[in-house]
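Every value quoted in this text rests on a predicted model; they were computed, and no experiment measured them.
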Amino acid sequence: MGTENPVNFSYMGRSFDDLTNGDSSGAFSDCNSDRSGEFPMASSQSRRLLISCASDNSDELIQQLVLDLESCSIDEQKQAAMEIRLLAKNKPENRLRIAKAGAVRPLISLISCTDPQLQEYGVTAILNLSLNDENKELIAASGAIKPLVRALMSGTSTAKENAACALLRLSQMEENKIAIGRSGAIPLLVNLLGNGGFRGKKDASTALYSLCSVKENKIRAVKAGIMRPLVELMADFGSNMVDKSAFVLSVLVSMSEARTALVDEGGIPVLVELVEDGTQRQKEIAAVILLQICEESVLYRTMVAREGAIPPLVALSQSGTNRAKQKAEKLIELLRQPRSGNYAATTSNVCV
């Protein structure tokens, strides 16, 4: 299925012009590598790795580490995966060298192992390698998606965060988005969004934002219950997730099922509060979302109006950006339209 662009701002290669300054970079930033911290190393191992990182020629060490990834010793595998992870972290040019040396497939095998620490090291190494765009196709073609999804389901908290981030990197190739969705990633990312720590929520929201440009992934996200954590995070101004949640919501509300779920989870009062008390960008995106909700539903217009949306929308129409003013004015016009007799008849039993 193709991608859909319900609103217009720029992020991860997609152009969306309907939001403040045409830029969502303040709402989303790409994932960071290396969430595992530094691993303890013996002094000789530390010295070897530091020398390699400072050297212009680490090919010999890389070849040996790739061989060690397939060792019969778990300790040797862990050490090799850890050193590869650090080499890929500290020298970006090593990411391509490591991939060309054949590390990708054995690292993917480690992601599927039962040892949680070895799995975490494998996930983190793959994440760091994926930061080189040339490696993303090789990583996906080598079968990384399903093992990363399994790590997202059963790994350590760090493995889950790094798996979400690695899947985000792979999802930046359009052809991978459907494969990732069909591998079961969406419900797991929704769970991480609702129950993870701040890093997990951040990585899950960014991955979901990318994946939900595909319609079938939007459907999966709504069915997985994404609206509840999105609404909860938007309502919590101290979560540092208000913008991210609103941007994810903005790519979902083009679907009627998403609009219904949003209303059912109490999203309208939260969006009206954003228009009233949010930052300039939050006011604007909330107005964009409310406009999408109201355009085809008289019932939702009534609900929005009853939440007291018109006064803050009037204020936004006078003091917002040009685009915010346009959206606010159009929404005010919709909210002030008279209710039809058909509407009254069909919604007489609906409590709003």
Side-chain angles (χ1 to χ4, degrees), residues 2-30 202 205-206 208-210 212-213 218 227 230-231 233-237 239-256 258-259 262-263 267-338:
T3 60
E4 298 181 358
N5 295 339
V7 289
N8 294 317
F9 51 93
S10 176
Y11 176 63
M12 289 170 57
R14 291 157 57 196
S15 178
F16 301 84
D17 293 326
D18 274 342
L19 300 180
T20 307
N21 299 326
D23 179 24
S24 68
S25 59
F28 283 107
S29 59
D30 208 350
K202 174 180 174 288
S205 67
T206 311
L208 286 163
Y209 177 87
S210 174
C212 287
S213 65
K218 295 183 188 186
M227 285 303 163
L230 288 180
V231 170
L233 290 168
M234 284 193 303
D236 182 1
F237 283 87
S239 70
N240 292 319
M241 288 288 299
V242 176
D243 290 29
K244 295 176 180 65
S245 300
F247 276 97
V248 175
L249 178 57
S250 73
V251 301
L252 296 172
V253 293
S254 60
M255 293 178 52
S256 62
R259 295 192 293 271
L262 172 64
V263 174
I268 285 178
V270 173
L271 289 165
V272 172
E273 183 180 8
L274 281 182
V275 175
E276 186 168 10
D277 297 325
T279 64
Q280 186 61 46
R281 176 163 55 190
Q282 290 164 4
K283 291 174 188 282
E284 189 169 342
I285 189 171
V288 169
I289 294 169
L290 285 170
L291 181 58
Q292 288 182 277
I293 292 171
C294 291
E295 280 181 321
E296 296 182 8
S297 173
V298 178
L299 172 59
Y300 294 163
R301 292 175 206 169
T302 300
M303 296 174 72
V304 171
R306 288 184 181 178
E307 286 296 329
I310 291 179
L313 285 168
V314 170
L316 183 61
S317 71
Q318 296 171 347
S319 62
T321 64
N322 288 337
R323 200 169 300 279
K325 291 176 181 179
Q326 293 170 4
K327 298 300 178 183
E329 288 169 359
K330 187 173 181 181
L331 184 51
I332 291 166
E333 183 181 350
L334 279 177
L335 296 180
R336 287 176 170 168
Q337 287 179 0

>> Tell me every residue that passes side-chain contact (heavy atoms from CB on, under 4.5 Å) with Glu276, counting only those two or more places apart in sequence or in another chain.
In response: Pro312
> What are the two closest heavy atoms between Ala287 and Leu331, and how far apart are they?
Replying inline: O-CD2, 4.0 Å
> Looking at Gln282 and Asp243, what are the two nearest heavy atoms and their distance?
Replying inline: NE2-OD1, 2.6 Å
> Which heavy-atom pair separates Ser250 from Val253 by the least distance, and what is that distance?
Replying inline: O-CG2, 3.9 Å
> Any idea which heavy atoms bring Ile268 and Tyr300 closest together, and the distance?
Replying inline: CD1-O, 4.3 Å
> When rounded to the nearest 0.5 angstrom, what distance separates CG in Leu252 from CD in Gln292?
Replying inline: 10.0 Å
>> Rounded at 0.5 Å granularity, tell me how far CG in Leu291 sits from NZ in Lys330.
In response: 5.5 Å
> Between the side chain of Arg301 and the main-chain N/O of Leu335, is any donor-acceptor distance below 3.5 Å?
Replying inline: no
>> For Glu284 and Arg323: C-alpha separation, side-chain torsions, deciding distance, then whether side chain to side chain contact (heavy atoms under 4.5 Å, CB included) applies.
In response: CA-CA 8 Å; Glu284 189 169 342; Arg323 200 169 300 279; 3.6 Å; yes
> When you look at Leu271 and Ile293, which way does the side chain to side chain contact (heavy atoms under 4.5 Å, CB included) test go after all the steps?
Replying inline: CA-CA 11 Å; Leu271 289 165; Ile293 292 171; 3.8 Å; yes
> Quick one: CG on Leu290 to CD1 on Ile285, what's the gap to the nearest 0.5 Å?
Replying inline: 11.0 Å
>> Using every non-hydrogen atom in the two residues, find where Leu313 and Ala328 come nearest and quote the distance to one decimal.
In response: O-CB, 3.5 Å
> Who pairs with Ser239 by side-chain contact (heavy atoms from CB on, under 4.5 Å), at least two apart in sequence or on another chain?
Replying inline: Leu233, Asp236, Met241, Val242
>> Rounded to the nearest 0.5 Å, what separates atom SG in Cys294 from atom CD1 in Ile289?
In response: 12.0 Å
>> Go through it in stages, so that I can follow the logic: the residues are Leu249 and Met227, the test is side chain to side chain contact (heavy atoms under 4.5 Å, CB included), and I'd like the CA-CA distance, side-chain angles, deciding distance and then a yes or no.
In response: CA-CA 8 Å; Leu249 178 57; Met227 285 303 163; 3.6 Å; yes
> Just how far is it from atom OG of Ser254 to atom CZ of Arg259, taken to the nearest 0.5 Å?
Replying inline: 7.5 Å
>> Determine whether a donor-acceptor pair (N or O, by modelled atom type, separation under 3.5 Å) exists between the side chain of Lys244 and the backbone of Thr206.
In response: no
>> Using 0.5 Å steps for rounding, measure from the CD atom of Gln318 to the CD atom of Glu329.
In response: 9.0 Å
> Does Val298 offer a backbone N or O that forms a donor-acceptor pair with the side chain of Thr302 under 3.5 Å?
Replying inline: yes
>> Which residues pass the salt bridge (Lys or Arg N to Asp or Glu O under 4.0 Å) test with Lys325, not counting sequence neighbours?
In response: none
> Which atom pair, heavy atoms only, marks the closest approach of Val275 to Lys283?
Replying inline: O-NZ, 3.2 Å
